[in-house]
Amino acid sequence: MMAGDVQFAAHMKVYNELSASLKDIIESSNILLMIMAERSIVEYDLNEYSPRKFAEDANKSAADDLDEMEEKTLEIVKNPAEFHRIMSLGTRKRDHRNNLPVDGMRKLIASHKTRLKNLYVGRNKEAEPQLNYLDQRYACAQAMEKAYMEEQRQAFEEEEFDNDTEEGEEA
């Protein structure tokens, strides 16, 4: 067995384990866990493929996006009043999908989904025909988007409930 074959086998083992883990993470519907799992995969790829400039740039961009998702945007939706205020300031009707604003977090998720699609299209189909980890990663990004949209809905509902309660108290 050649060194490249051994390295490929090691990659396959890691990616197969990640795929199995991602299935459980997706079922949890925990956005933060999904972001952290994807960040771990990107970090692994960054370390593994860093000699290749194109891969390094793409993975650094992905890592930065995931960090921003984890650190900034996700916290806004946890505070319904602040979330509602920010969304009412800068969103136009055309920036809404499914009656929810397409905010920074959803844009970051969409960007990441596009990045994963491009990885899928660009992979070496002859050398990696059995890889389904990209499918799992894409499914994770879709689940992340769905869970975030649910949090957006809840934030709007909580803010509307708080406003109704305040108006009722003033009367």
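Side chains are part of it too, since the values below use all heavy atoms of this structure and drop only hydrogens, waters and symmetry mates.
- At a threshold of 4.0 Å, the pair Glu27-Lys23 does not count as salt-bridged, since none of the basic side-chain nitrogens sits closer than that to a carboxylate oxygen.
- Met69 is connected to Leu100 through a chain of hydrophobic side-chain contacts under 4.5 Å among Ile, Leu, Val, Met, Phe, Trp and Tyr, so both are in one cluster.
- Using a 4.5 Å heavy-atom cutoff, the side chains of Ile35 and Asp67 are not in contact.
- Residues Met36 and Leu108 fall within the same hydrophobic cluster, defined by Ile, Leu, Val, Met, Phe, Trp and Tyr side chains chained together at heavy-atom separations under 4.5 Å.
- The distance from atom CE of Met34 to atom CD1 of Ile109, rounded to the nearest 0.5 Å, is 9.0 Å.
- Pairing each heavy atom of Ala63 with each of Val42, the nearest pair is N-CG1, 3.8 Å.
- For the pair Gln136/Ile26, a side-chain contact is recorded, criterion being any heavy-atom separation below 4.5 Å from C-beta on.
- Between Arg106 and Gln152 there is a side-chain heavy-atom pair separated by less than 4.5 Å.
- The side-chain hydrogen bond (donor to acceptor under 3.5 Å, both in side chains) test applied to Glu38 returns His112, Arg137, not counting sequence neighbours.
- How far CD1 of Ile31 is from CE of Met144: 8.5 Å, rounded to the nearest 0.5 Å.
- Looking at residues two or more places apart in sequence or on another chain, you find no side-chain hydrogen bond (donor to acceptor under 3.5 Å, both in side chains) involving Glu150.
- Cluster membership check: Tyr148 shares its hydrophobic cluster with Ile25, using side-chain heavy-atom separations under 4.5 Å among Ile, Leu, Val, Met, Phe, Trp and Tyr.
- Taking Asp64 as the reference, nothing meets the side-chain contact (heavy atoms from CB on, under 4.5 Å) condition, with sequence neighbours excluded.
- Among residues two or more places apart in sequence or in another chain, the side-chain contact (heavy atoms from CB on, under 4.5 Å) test is passed with Ala20 by none.
- Of all heavy-atom pairs spanning Ala147 and Ser29, the tightest one is CB-O, 3.9 Å.
- Every side-chain contact (heavy atoms from CB on, under 4.5 Å) that Ser111 has, sequence neighbours left out, goes to Asp65, Arg115.
- Under the side-chain contact (heavy atoms from CB on, under 4.5 Å) criterion, Gln142 pairs with Lys113, Tyr138, sequence neighbours left out.
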